[in-house]
Amino acid sequence: MRHSLLLRLLSGVAIAASIALTGPLAAFAEDKPAAAATAAAEETPFDPLSVNTFSGAFLAARTADFDKDYETAVSLYKIALQFDPTNSDVKQRLMVTQLMNGDFSEGVKLADTLKNDPAVERITSVVRAMEAIRKREYKSAEKILAYKGPNDLDRMMNDLLLAWAKFGDGKPKEALKLISGMQGPEWLAIFKNYHAGALAAAAGDKATARARLNEAILDRNGASAAPDTFLRAVMALARLEAREGNRQKALDAVSVGDNFITSYAPLKALRQSIEAGDKQEQQVRTAAQGAAAVLFSIGGALNREGAEDIVSLYLQAARALDPDSDDVLVLLGGLAESQKKPEKAIEYYRAVPEKSPMRRISELQLGLNLNDTGKVEDAKKHLQELIDADPSDLRSYLALGSVLSDAKDYKAMGALYDKAVDVIGPVPQRTHWSIFFQRGIAYERLKEWEKAEPNFRKALELNPDQPQVLNYLGYSWVDMNLNLDEGLDMIRKAVSLKPDDGYIVDSLGWAYYRMGRFDDAVAELERAAELKAGDPTINDHLGDAYWRVGRKLEATFQWNRALGLKPEEAEIPKIKLKVENGLPDLAKTTPASAEAKDDKPAQNTSPEGKAAADRKS
């Protein structure tokens with residue numbers, strides 16, 4: 001996949017190297033006191049002002065930095081500098097954490113003092129160029145953006161930023177010529193075409209804008225590599241055609257986006273706006289917005305696990321240039337969610353402008369994050385208000401259903417999805433599979449299998465290769481000693497569709513365990529434990545399987561490991577009992593399948609959590 005290609009490029013990007021911890025700072029990354037400091041921070045609030053030594057401030061800053069707590073890291077690096085004002089390593093990290101924390105103006109000041117430091121030269125040049133564009137000092141930006149390095153991604157970023165600086169300086173033709181002449185790998189095309197189209201539209205060159213944006217939205221490989229940029233291109237073309245009075249062409253452009261991603265709220269809102277005859281304005285109209293779009297394009301394309309720091313830096317810089325950019329704010333919110341910082345995510349979602357087509361998405365995510373902060377009733381109220389405002393938006397039901405599921409209020413969850421099915425009507429579409437799946441989960445949790453099973457079957461009828469549904473229904477059958485052959489086949493198919501999903505692999509291993517096939521269970525559960533090493537349920541299951549094959553010492557180790565991974569409260573006494581006494585002897589039962597020849601354990605485990613649908617609406 002081209003996404004993978006872009007991420008591999010990251011290892012060679014000078015900016016990424018600058019962000020990575022090196023030298024004296026890296027030595028603290030594996031330092032045990034740092035881990036201890038993290039654990040302590042979870043127990044009591046940490047006051048940065050209580051630190052009174054360089055080493056204490058430095059180590060605590062490093063811990064906060066590692067935990068993505070940039071606000072605390074900034075405070076602590078500043079304290080460290082008070083003790084050692086000339087320490088270049090600390091200055092570098094302070095600048096980077098300031099930028100990732102959104103303190104762009106402060107980061108720029110430090111970037112100016114570090115502009116001759118080769119360790120962070122790429123960061124300082126981009127940041128200083130951004131500030132020059134923000135101040136409309138375009139000639140200064142052009143001088144700063146000179147780049148002759150070998151990296152394709154760095155070169156693309158510099159060329160696109162340079163083009164927008166030229167546009168700001170009143171040289172749009174020169175800017176377009178620069179973009180057109182850019183050379184590089186295949187994935188470069190989507191970025192070139194979108195930015196050439198956006199720049200031409202901003203310059204009033206409608207013919208060029210139409211041609212380049214059309215090229216962008218027909219680039220399916222580019223759409224896969226950079227979906228956020230692709231969707232921007234779709235909406236830019238639709239707005240251009242609508243503004244020119246070409247209503248059907250505008251709607252056709254929206255349809256291209258709909259075919260790429262279904263039920264995308266901004267596209268739905270744009271379609272309604274075009275149909276209503278509203279005047280359309282381009283998202284990018286100035287050099288600053290164009291430069292912000294460059295960083296958004298790259299940040300969105302690199303937005304994957306392991307790249308959080310560089311993505312955060314790009315997006316925060318984009319926000320500094322274009323504070324009201326709704327898609328930047330939503331991406332920042334999602335990044336905060338992935339870092340387990342729901343309060344920060346809420347802050348970003350609340351900043352999305354009221355009239356933005358992405359406001360609905362931000363409100364849905366805001367509700368989910370309220371739940372993550374423990375404000376369950378506030379989350380329920382917020383999401384119910386969204387349903388009341390637009391009962392046809394099925395994402396609202398999924399979001400509220402997620403909150404009700406977390407609260408184990410399955411009766412309310414079932415009633416909610418009953419209403420959602422009524423909204424769908426008698427002819428559901430493929431995209432509605434998740435509504436039936438979630439309704440099935442609610443009724444399965446209520447032990448009303450006669451209502452649950454038809455919903456799982458309907459979900460599979462709508463989406464036959466959905467691994468979560470295959471896993472949940474297949475496991476439920478195996479767990480109840482029903483339809484064992486068909487259930488096992490379903491789980492195997494789910495594993496083949498998502499072989500790296502530790503929870504689904506765990507289901508296969510536990511299904512083998514329930515059928516008495518303990519050697520097969522050990523093999524699959526060991527693989528699941530490798531994929532999800534920190535999951536208490538998987539480690540608990542592996543302990544059970546080890547016990548049944550006679551590996552009792554290893555079983556006890558796995559159970560103790562599961563206890564250390566914070567399992568659910570209800571499971572703790574059960575696991576402790578196994579640590580003390582092991583498992584009881586098996587009760588003899590009659591298998592429901594010729595495959596299940598061994599004795600089936602007299603133990604019940606639900607599949608909840610292994611097949612939960614994607615929580616994001």
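Worth saying up front: this structure is predicted, and the values here are computed from it rather than measured.
Atom-to-atom distance recorded for Ile435:CD1 and Tyr417:OH is 6.0 Å, nearest 0.5 angstrom. Put simply, CG on Leu199 and CD1 on Ile179 are 5.0 Å apart, with the number rounded to the nearest 0.5 Å. One finds the CE atom of Met235 at 5.5 Å from the CG atom of Leu267 (value rounded to the nearest 0.5 Å). Rounding to the nearest 0.5 angstrom, the gap separating the OG atom in Ser392 from the CD1 atom in Ile424 is 11.5 Å. Distance CD1/Ile538 to CG/Leu531: 8.0 Å, rounded to 0.5 Å. Atom CG of Asn463 and atom CG of Asp465 lie 7.0 Å apart (nearest 0.5 Å).
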Practice item. Verify side-chain contact (heavy atoms from CB on, under 4.5 Å) between Lys279 and Arg243, making sure each step is shown before the conclusion. Key: CA-CA 7 Å; Lys279 184 179 179 180; Arg243 194 171 177 85; 3.0 Å; yes

Exercise for review: I would like to know whether Lys268 and Asp393 meet salt bridge (Lys or Arg N to Asp or Glu O under 4.0 Å); could you show each step before the answer?
Suggested key: CA-CA 11 Å; Lys268 179 182 176 182; Asp393 186 355; 5.5 Å; no

Check your understanding: Yes or no on side-chain contact (heavy atoms from CB on, under 4.5 Å) for Tyr397 and Val423, after CA distance, side-chain angles and deciding distance?
Key -> CA-CA 10 Å; Tyr397 297 89; Val423 170; 3.5 Å; yes

Review point. What's the verdict on side-chain contact (heavy atoms from CB on, under 4.5 Å) for Asp535 and Tyr503, showing C-alpha distance, side-chain angles and the deciding distance?
Key: CA-CA 9 Å; Asp535 185 81; Tyr503 298 120; 3.3 Å; yes

Review point. Given Trp164 and Val284, is the side-chain contact (heavy atoms from CB on, under 4.5 Å) satisfied, shown in steps?
Key: CA-CA 11 Å; Trp164 281 107; Val284 176; 3.5 Å; yes

Point to revise | salt bridge (Lys or Arg N to Asp or Glu O under 4.0 Å) between Glu347 and Lys344, worked out | key: CA-CA 5 Å; Glu347 186 181 314; Lys344 197 71 176 176; 3.6 Å; yes

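Residues Glu241 and Asp252 have side chains not in contact (no heavy-atom distance under 4.5 Å, counting atoms from C-beta outward). Proximity of Tyr443 to Asp418: side-chain heavy atoms (C-beta onward) are separated by under 4.5 Å at one or more points. Between Asp506 and Lys532, the closest side-chain pair of non-hydrogen atoms is not below 4.5 Å. Within the 4.5 Å cutoff, the side chain of Glu453 has heavy atoms near those of the Trp477 side chain. Annotation: side chain of Gln438 is not in contact with side chain of Ser402 (no heavy-atom distance under 4.5 Å). Contact annotation: the side chain of Tyr264 approaches that of Met358 to within less than 4.5 Å [non-hydrogen atoms, C-beta and beyond]. No side-chain heavy atom of Leu160 sits less than 4.5 Å from a side-chain heavy atom of Ile298. Side-chain contact between Glu337 and Tyr349 is present, with heavy atoms from C-beta onward closer than 4.5 Å.
For the pairing with Asp378, the side-chain contact (heavy atoms from CB on, under 4.5 Å) check across Lys375, Lys381, Lys380 returns one residue only, Lys375. Each of Lys340, Met100, Lys341 was scored for a side-chain contact (heavy atoms from CB on, under 4.5 Å) with Lys68, with one residue passing: Lys341. For the side-chain contact (heavy atoms from CB on, under 4.5 Å) with Leu383, the qualifying choice from Asp388, Leu364, Asn371 is Leu364, the only one to do so.
The residues Glu461 and Lys458 are annotated as salt-bridged, a charged nitrogen and a carboxylate oxygen being separated by less than 4.0 angstrom. In summary, Asp326 and Arg359 do not engage in a salt bridge, as defined by a charged side-chain N under 4.0 Å from a carboxylate O.
For the pair Arg457 (side chain) and Leu473 (backbone), a donor-acceptor distance under 3.5 Å is absent. In this structure, Lys493 contributes its side chain and Leu470 its backbone to no donor-acceptor pair below 3.5 Å. Side-chain atoms of Ser273 never come within 3.5 Å of backbone atoms of Ala269 as a donor-acceptor pair (strictly under, hydrogens ignored). Checked by atom type and distance alone, the side chain of Asp67 never pairs as donor or acceptor with a backbone atom of Asp69 at under 3.5 Å. Under the 3.5 Å distance criterion, the side-chain polar atoms of Gln316 are left unmatched by any main-chain donor or acceptor of Phe104. No donor-acceptor pair closer than 3.5 Å links the side chain of Asn471 to the backbone N or O of Pro467. Between the side chain of Glu363 and the main chain of Ile361, no donor-acceptor pair closer than 3.5 Å is present. A donor-acceptor pair is defined here as one N or O able to donate and one able to accept, closer than 3.5 Å; such a pair exists between the side chain of Asn158 and the backbone of Leu145. Remark: side-chain polar atoms of Gln468 are not paired, donor with acceptor, to backbone N or O of Gln466 under 3.5 angstrom.
Closest heavy-atom contact between Asp152 and Arg155: OD1-NH2, 2.5 Å. In this structure, Leu321 and Ala291 approach most closely via the heavy-atom pair CD2-CB, 3.5 Å. Closest of all the heavy-atom pairs between Thr286 and Phe167 is C-CE2, 4.1 Å. Here the closest non-hydrogen pair linking Pro172 and Ala203 is CB-CB, 3.8 Å. Here the shortest heavy-atom pairing between Leu176 and Ala196 reads CD2-O, 3.4 Å. Scanning all heavy atoms of the two residues, the minimum distance from Ala293 to Arg232 falls at CB-NH1, 3.2 Å.
With 3.5 Å as the limit, one finds no donor-acceptor pair spanning the side chains of Arg445 and Ser405. Ser338 and Glu305 share no donor-acceptor pair across their side chains, judged by distance under 3.5 Å alone. The closest side-chain donor-acceptor pair between Asn303 and Tyr314, if any, does not fall under 3.5 angstrom. A side-chain donor-acceptor contact under 3.5 Å links Tyr472 and Glu444.
Partners of Phe436 according to the ring pair (Phe, Tyr, Trp, His ring centres under 6.0 Å) rule, which considers only residues two or more places apart in sequence or in another chain, do not exist here.
Within the structure, ring-ring contact (aromatic ring centres under 6.0 Å, His included) pairs that include any residue of residues 367-387 do not occur (at least two apart or interchain).
Counting heavy-atom neighbours within 6.0 Å of Gln183 CD, excluding the residue itself, gives a total of 12 or less.
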